[in-house]
Amino acid sequence: MGEDLLPLLKDVDVQGELKPEFTILVGDKGVSKRRESTNFLNGCDDVCMTISISDAVVDGDRGRMQKAMELFSIVPSFGKQTSIDPFLNMTPRVSGLYENAKTILLLPLLILRLAVVALILVVGFFATKFALAGWKKSQVVLPKWRRKLMGVTRLCGRGILYCFGFHWIRRIGKPAHKDTAPIVVSNHVSFIDPIFYFYELFPSIVSSKSHDSMFLAGTIIRSMQIIPVDKTDAESRKYATIEIKRRAASMEFPSVLLFPEGTTTNGRTLISFKLGAFAPGFPIQPVVIRYPFVHLDVSWGDISLANLMFRMLTQFNNFMEVEYLPVVYPSEREVQNPAEFAERVRHTMAQALCVPVTEHTYGDLMLSVNAQRLCLRSPASYMVEMGKIEKVLGLRSGEVMSFLEKFAAMNPSYSGTVSMNQFLEWHHLPRCWISKKIFDLYDQSGQGFITFREFVAASGSISKHKDFNSRMKAAFNACNLRSDGCISALELEKTLKLSMPSISSAKVNMWFKKLHLHGEGDISWEEFQAFIEVNPELLPIFMVGTF
């Protein structure tokens, strides 16, 4: 054995002494490595090889690991995250000597204004009841004579605006006739917007189904023959699009008004537009609303309705400007591509408002609200511009919400970032080649930490990969060495050590507990599938055994 071993021994000095190196023992007990000196050879019955330690020994078969990583290595880059928060109210609290003194002074006026608003709502309610008496909701069109009777209720709407401090409303331009522009679109800043349009245009509007049941106001809203929509229901959204086109094409109905942003913003940007107003391919009149202010931002974003109303009712005056822009006619190409038509109209409105455009949606506001609920600092930093995420990755808001829950569990920093150590610790991963590569999938900027936006981009691109389901099944089969439909703890350990030889038994046990949802027997396919769908970034670790 001695002469056969000599060619494998390196670094023999001139005196014939062997320098200590890593020694691989291949014997009945498997493969191991240790650092020894020359007297290690004495009395050794195993086959011995002494080699320099390499990454391949530490990290496993890097060739197979590289193949597993390549399947999901293309992560889209969404560019630098914008610093704009389209939902931030600039004056959410009473502050300063002037505002405090004014609020105290106007408290009696607030009570008076509230009483008058309540009285106006009651008058409007009964006026609407009278105008709609005998009319069935199922009728196709509200007759013209009934619409004229609704003039009393429309005046009530103007009275409510007056009580909220909008004593003068500046108008620029004029509304187009229905036969010129059957659809009107507007930016959406405050709950004041629909009250103004009710008084000014009395259009058909798209409104949430929940508004139909509002006390007193629900009856008035129904008089506008709203197009009800449930944002969470695809069939409801499809119905709304069809109904918009039908009403816009009929001269019996009034113009259709839509707020394509789908939610209120602070008016300092135009967020992503929904396509419902643009899908019919009809001419559109854009309208922009501004609320110039010194003391109070009346936008309804990250401020509660009660707080906003209180602030508005304790102001001497609030200001509003409405500008009717020229009608925009779609080209033949835009009729076939509503998204292009929507972008042209959006940029036209943005130019009139002198504001930028972003790809935020209502989903971003919900992300910020949920980040606050999860006690994350700087909740606005968790907005990801859902418009881009939906277009590129096809992710819905609910899926991104689940990513937020997971990201929050990693205990991100004050600035909303997760380091490699935090990432590996939460996943129970050892520091090795494949875990570093998985982290790099997320760290697109290469700065050594990941933002929530990067986390969504990588998780979404992996889970939406065309081969994701088939690779997940192949990974399960590769783990199931006994081919009995379940993965035992021993099989899981062998699988993990293919890609992570340095993983400890304690970490293997943690993985088994996370995978094994029911806590009895071995890991079933259903448990494995559920785990990988929640943790798609870990699939490459299990795929190493498939090559």
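On a predicted model such as this, the values are computed, not experimentally measured, just so you know.
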Measure from the side-chain N and O atoms of [X] to the backbone N and O of [Y], and report whether any donor-acceptor pair falls under 3.5 Å.
| X | Y | answer |
| --- | --- | --- |
| Glu454 | Ser445 | yes |
| Asp179 | Met251 | no |
| Asp297 | Thr91 | no |
| Arg154 | Lys148 | no |
| Asp85 | Phe87 | yes |
| Asn89 | Gly301 | no |
| Arg147 | Leu142 | no |
| Lys464 | Leu395 | no |
| Gln372 | Val369 | no |
| Asn266 | Met90 | no |

Would the number of heavy atoms belonging to other residues, nucleotides or ligands and lying under 6.0 Å from [atom1] of [X] be above 12?
| X | atom1 | value |
| --- | --- | --- |
| Lys178 | NZ | yes |
| Tyr362 | OH | no |
| Leu305 | CG | yes |
| Arg171 | CZ | yes |

Check step by step if side chain to side chain contact (heavy atoms under 4.5 Å, CB included) holds for Phe319 and Arg170. CA-CA 8 Å; Phe319 301 96; Arg170 185 187 178 201; over 6 Å; no
Validation row: [X], [Y] side chains within 4.5 angstrom (heavy atoms):
| X | Y | answer |
| --- | --- | --- |
| Ser190 | Met320 | no |
| Gln315 | Phe293 | no |
| Trp426 | Asn411 | no |
| Tyr329 | Glu334 | no |
| Tyr324 | Val184 | no |
| Ile160 | Leu121 | yes |
| Leu296 | Met312 | yes |
| Phe198 | Leu161 | no |

Should Ile303 and Trp300 be marked as a side chain to side chain contact (heavy atoms under 4.5 Å, CB included) after you check the CA-CA gap, both sets of side-chain angles, and the distance that decides it? CA-CA 6 Å; Ile303 182 173; Trp300 185 18; 4.2 Å; yes
Heavy-atom pair with the smallest gap, counting every atom of [X] and [Y]:
| X | Y | value |
| --- | --- | --- |
| Pro536 | Ser459 | CG-O, 3.9 Å |
| Ala342 | Leu275 | CB-CD2, 3.8 Å |
| Phe78 | Ala457 | CE1-CB, 3.5 Å |
| Pro260 | Ser186 | CD-O, 3.4 Å |
| Asn100 | Ser95 | ND2-C, 3.8 Å |
| Thr361 | Ser272 | CG2-CB, 3.9 Å |

Check the pair Lys238 / Glu235 against salt bridge (Lys or Arg N to Asp or Glu O under 4.0 Å), numbers first and verdict last. CA-CA 5 Å; Lys238 183 178 179 181; Glu235 286 300 317; 5.1 Å; no
Are [X] and [Y] within salt-bridge range, i.e. N to O under 4.0 Å?
| X | Y | answer |
| --- | --- | --- |
| Glu359 | Lys388 | no |
| Lys102 | Glu99 | yes |
| Arg246 | Glu243 | yes |
| Glu385 | Lys391 | no |

How are the rings of [X] and [Y] set to each other: parallel, tilted or perpendicular (split at 30° and 60°)?
| X | Y | answer |
| --- | --- | --- |
| Phe455 | Phe403 | perpendicular |
| Tyr197 | Phe259 | tilted |
| Phe407 | Tyr382 | perpendicular |

Could you check Tyr291 against Asp193 for side chain to side chain donor-acceptor pair (under 3.5 Å), going step by step and ending with a plain yes or no? CA-CA 10 Å; Tyr291 292 92; Asp193 307 346; 2.4 Å; yes
Side chains of Asn370 and Ser368, donor plus acceptor under 3.5 Å: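 Checked: Asn370/Ser368 side chains show no N/O donor-acceptor pair below 3.5 Å.
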How many angstroms lie between [atom1] in [X] and [atom2] in [Y], if you round to the nearest 0.5 Å?
| X | Y | atom1 | atom2 | answer |
| --- | --- | --- | --- | --- |
| Met366 | Asp364 | CE | CG | 10.0 Å |
| Ile284 | Arg344 | CD1 | CZ | 10.0 Å |
| Ile244 | Leu258 | CD1 | CG | 4.5 Å |
| Arg311 | Leu308 | CZ | CG | 9.0 Å |
| Met401 | Glu405 | CE | CD | 9.5 Å |
| Ile271 | Thr264 | CD1 | OG1 | 8.5 Å |

One pair to check against side chain to side chain contact (heavy atoms under 4.5 Å, CB included): Val534 and Ser402. What are the steps and the verdict? CA-CA 8 Å; Val534 173; Ser402 65; over 6 Å; no
What residues, two or more places apart in sequence or in another chain, satisfy side chain to side chain contact (heavy atoms under 4.5 Å, CB included) together with Trp145?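 Trp145 satisfies side chain to side chain contact (heavy atoms under 4.5 Å, CB included) with Pro143, Leu149 only.
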Applying the side-chain contact (heavy atoms from CB on, under 4.5 Å) test to Glu537, which of Ile438, Leu441, Ile532 qualifies?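 Considering Ile438, Leu441, Ile532, a side-chain contact (heavy atoms from CB on, under 4.5 Å) with Glu537 is found only for Ile438.
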Aromatic centroids of Tyr162 and Phe166 separated by under 6.0 Å: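 No, ring centres 6.0 Å or more apart.
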Using the side chain to side chain donor-acceptor pair (under 3.5 Å) rule, take Thr128 and Thr153 through it: C-alpha gap first, then chi angles, then the decisive distance, then the call. CA-CA 6 Å; Thr128 303; Thr153 310; 3.0 Å; yes
Between Tyr199 and Ile195, is the side chain to side chain contact (heavy atoms under 4.5 Å, CB included) condition met? List the steps. CA-CA 6 Å; Tyr199 161 70; Ile195 299 176; 5.9 Å; no
